[in-house]
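To keep things clear, I will list the structure first and then write my remarks on it.
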Amino acid sequence: MTQGVDELAAGIRSGDRRALARAITLVESSRPDDQERAAALLDELVADAGGALRVGITGSPGVGKSTFIEAYGLHLVETGHKVAVLAVDPSSQRTGGSILGDKTRMPGLASSPDAFIRPSPSGATLGGVARRTREAVTLCEAFGFDVVIIETVGAGQSEGTVADLVDVFVLLVGPGGGDDLQGIKRGIMELADVLVVTKADGDLAATARHTAGDYRHALELLRPKEGAGAAPVLACSSLAGEGIAEVADTVAGLRADWAASGRLTELRAGQAAAWMWNDVQARLSEAVHSHPAVVRLAPELEAQVTAGTLSPTTAARRLLDAFRPDAPS
Ligand code: GDP
């Protein structure tokens, strides 16, 4: 085995947090030699992984994700769990919002010895960021975290990708009532296993209850995911700590039901197969983009395509001809 990998694997298995942090940095690295060591490490640890409850948390900026994760995470820690918080936040989507998985947004959790928070890996493509996060999940599970929370912003493509990483997907929505309901894309609603109305306290408490009723009604009209009932809708206040235990119980209950019925095994098998092809696609795309002949040819072809003098199909075919392994580079 590659040097250093044994040591990292042993460190992770023995609960050394510095080893875990170093290992995540290794899987995030794009250097070929690091990638080789990362692959060896993941192969070594994969048998120790798979045991955690994997929870996805999504919602628009300002909906209360970090405040919720702080409250939910601390509740989990208080009830004896070890919690890792990871984030999927492709840089292209990071436009002025707060940084997901930022420790300062979850101060209580950040200082807990039973919690681990890691911001999103940086990377140009969602596929690349998601792959590194998936590998970080493996490392966190091998370390012994029994709950892994993955945070993402519900404003783009990333929630579909995160749904492929988790067992239970939680959508947070504001207590805004009907207006908000219109703004939430149907696709995100369909991905959600649990819907939680945030900020159900003070002046907003009554509105939040109404909003929960509206969503319940809306979800009944949507066709539920195969084999599932309509997603439960709850309301909570992360600041007052109300309804947090109920969310935690609902998420854990769904996971337990699915484990008992075989649905969890099926879900994870489907995710693993999807990830294999995602990986093929992501690596192939990276290889094409960095191939010398492609790099040389692309600007001219792109100029012709933009000018309308060459069809995109022909240009794509020429680039792929240049990429062919037997083509001169
Ligand atoms: P994020 O951008 O989705 O991570 O949202 P934040 O967790 O940063 O919260 C955005 C704002 O909503 C902050 O000002 C929070 O104090 C506020 N907030 C979050 N949770 C609650 C809650 O349970 N009740 C109330 N009243 N405000 C909340």
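When a ligand or atom number is given, it counts from 1 through the structure's own listing order. The residues of the chain are indexed from 1 along the displayed sequence. Quick note: numbers below take in every heavy atom, side chains included, and nothing from hydrogens, waters or symmetry partners.
Here S60 has backbone heavy atoms under 4.0 Å from ligand 1, and that is the only part of it that gets that close. Counting heavy atoms closer than 4.0 Å to ligand 1, residue T67 contributes atoms from both its backbone and its side chain.
Not a single N or O atom of C236, backbone or side chain, sits closer than 3.5 Å to an N or O atom of ligand 1. Considering backbone and side-chain N/O of P61, none are found under 3.5 Å from N/O of ligand 1. For G64, a nitrogen or oxygen atom sits less than 3.5 Å from a nitrogen or oxygen atom of ligand 1, counting backbone and side chain alike. Any N or O atom pair closer than 3.5 Å counts here, and E151 shares no such pair with ligand 1.
Salt bridge E28/R118: present, at least one basic N to carboxylate O contact under 4.0 Å. A salt bridge is defined here as a Lys NZ or Arg NE, NH1 or NH2 lying under 4.0 Å from an Asp or Glu carboxylate O, and E141 with K82 fails to meet this definition. A salt bridge links E151 with R105; the closest basic N to acidic carboxylate O contact falls under 4.0 Å.
Among V148, V55, L109, the single residue meeting the side-chain contact (heavy atoms from CB on, under 4.5 Å) criterion with V85 is L109.
With sequence neighbours excluded, the residues forming a side-chain contact (heavy atoms from CB on, under 4.5 Å) with S261 are R263, listed by chain and number.
Of all atoms in ligand 1, listed by their number and element, those nearer than 4.0 Å to a heavy atom of S66 are 4 (O), 6 (P), 7 (O), 8 (O). Near R105, the atoms of ligand 1 lying under 4.0 angstrom from a non-hydrogen atom of the residue are 1 (P), 4 (O).
Residue S237 places a heavy atom under 4.0 Å from ligand 1. Assignment of G59 to the shell around ligand 1 is not supported, since no heavy atom sits closer than 4.0 Å. Contact annotation: V63 has at least one heavy atom less than 4.0 Å from an atom of ligand 1.
A heavy-atom distance below 4.5 Å is found between the side chains of L45 and L139. Using a 4.5 Å heavy-atom cutoff, the side chains of V168 and R54 are not in contact.
Taking Ile, Leu, Val, Met, Phe, Trp and Tyr as members and joining any whose side-chain heavy atoms lie under 4.5 Å apart, directly or through other members, the hydrophobic cluster of W277 also contains M276, V280.
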